[in-house]
Amino acid sequence: MTAQEIYKSKVFKQCVEFHGHICPGLSMGYRAAVTGMDYLKERNRSVDEELVAITETDACGADAIQVITGCTFGKGNFIYKDYGKTAFTFFSRKTGNGVRLALKMNALNLSDNHLKLINRIVSDTATDEERKEFQELHFQRSMDILEKPIDELFSINDVSIPIPEKARIERSQACKHCNEPVMPSKMNKNQICRSCQECS
Ligand SMILES: [Zn+2]
Ligand SMILES: [Zn+2]
């Protein structure tokens with residue numbers, strides 16, 4: 001598909017709607033998720049927990065992963081590892097197959113000008129003209145990523161790690177300190193919840 005075709009597709013629009021804007025990170029997440037699903041021969045979003053996605057970043061791309069795979073925090077099949085890498089792993093519980101896509105070094109080489117503009121925006125010192133220039137560059141970059149050959153963006157490898165456990169349902173118990181209901185497996189042996197442990 002060309003970048004324009006993806007941009008106009010229903011599923012990409014859903015990603016943009018969920019995330020709030022189009023950006024290079026969202027495009028990368030989109031490419032990773034679509035490629036991962038193809039690799040696992042999964043056609044449909046996960047309605048239950050048959051797919052598992054692991055994200056190693058909490059940046060923009062993670063939102064596209066949730067929309068496309070249907071793996072979500074609430075279902076317990078979207079797992080966050082705070083590694084600071086644009087890397088995503090997808091598993092099928094049905095087949096036991098897994099694949100990890102990790103962004104290649106220099107795959108996203110932003111120009112010095114683009115970086116300068118990003119810094120001006122973040123520090124709130126950009127002029128209206130610079131904002132406009134930034135928007136155009138950012139959009140162009142997002143479109144470039146939609147079209148780049150996938151192996152220029154990511155290294156792709158089979159993975160086999162123990163499949164994460166399915167979400168557990170436990171009957172809550174009261175924390176001995178705050179009295180709020182808590183999953184017993186998340187409390188310490190004195191039945192004190194983690195937020196109370198952090199405060200004491
Ligand atoms: Zn974004
Ligand atoms: Zn507590």
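If you're wondering where the values come from, they're calculated on a predicted model, not measured in any experiment. These numbers come from the heavy atoms of this one structure, side chains and all, not from hydrogens, waters or symmetry mates. Just follow the structure's listing: the first ligand is 1, and inside any ligand the first atom is 1.
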Enquirer: Does this structure show an ion pair linking Arg31 with Asp38, if we count only N-O contacts that are shorter than 4.0 Å?
Expert: no

Enquirer: What's the SG-the Zn ion (ligand 2)-SG angle here (Cys196, Cys175), rounded to 10 degrees?
Expert: 120°

Enquirer: Under 2.8 Å from the Zn ion (ligand 2), is there an N/O/S atom belonging to His177?
Expert: no

Enquirer: Under a 4.5 Å cut-off applied to non-hydrogen side-chain atoms, are Ile54 and Arg100 in contact?
Expert: no

Enquirer: Parallel, tilted or perpendicular: which fits the ring planes of Tyr7 and Phe12, with parallel below 30° and perpendicular above 60°?
Expert: tilted

Enquirer: Are Cys178 and Ser195 side-chain neighbours, meaning at least one heavy-atom pair lies under 4.5 Å?
Expert: no

Enquirer: Which angle, to the nearest 10 degrees, do you find at the Zn ion (ligand 1) between NE2 in His19 and SG in Cys60?
Expert: 100°

Enquirer: Within a 6.0 Å radius of atom CD on Glu129, are there more than 12 heavy atoms belonging to other residues, nucleotides or ligands?
Expert: no

Enquirer: Nearest 10° is fine: what angle sits at the Zn ion (ligand 2) between SG from Cys193 and SG from Cys178?
Expert: 120°

Enquirer: If you round to 10 degrees, what value do you get for the angle at the Zn ion (ligand 1) between His21 atom NE2 and Cys23 atom SG?
Expert: 110°

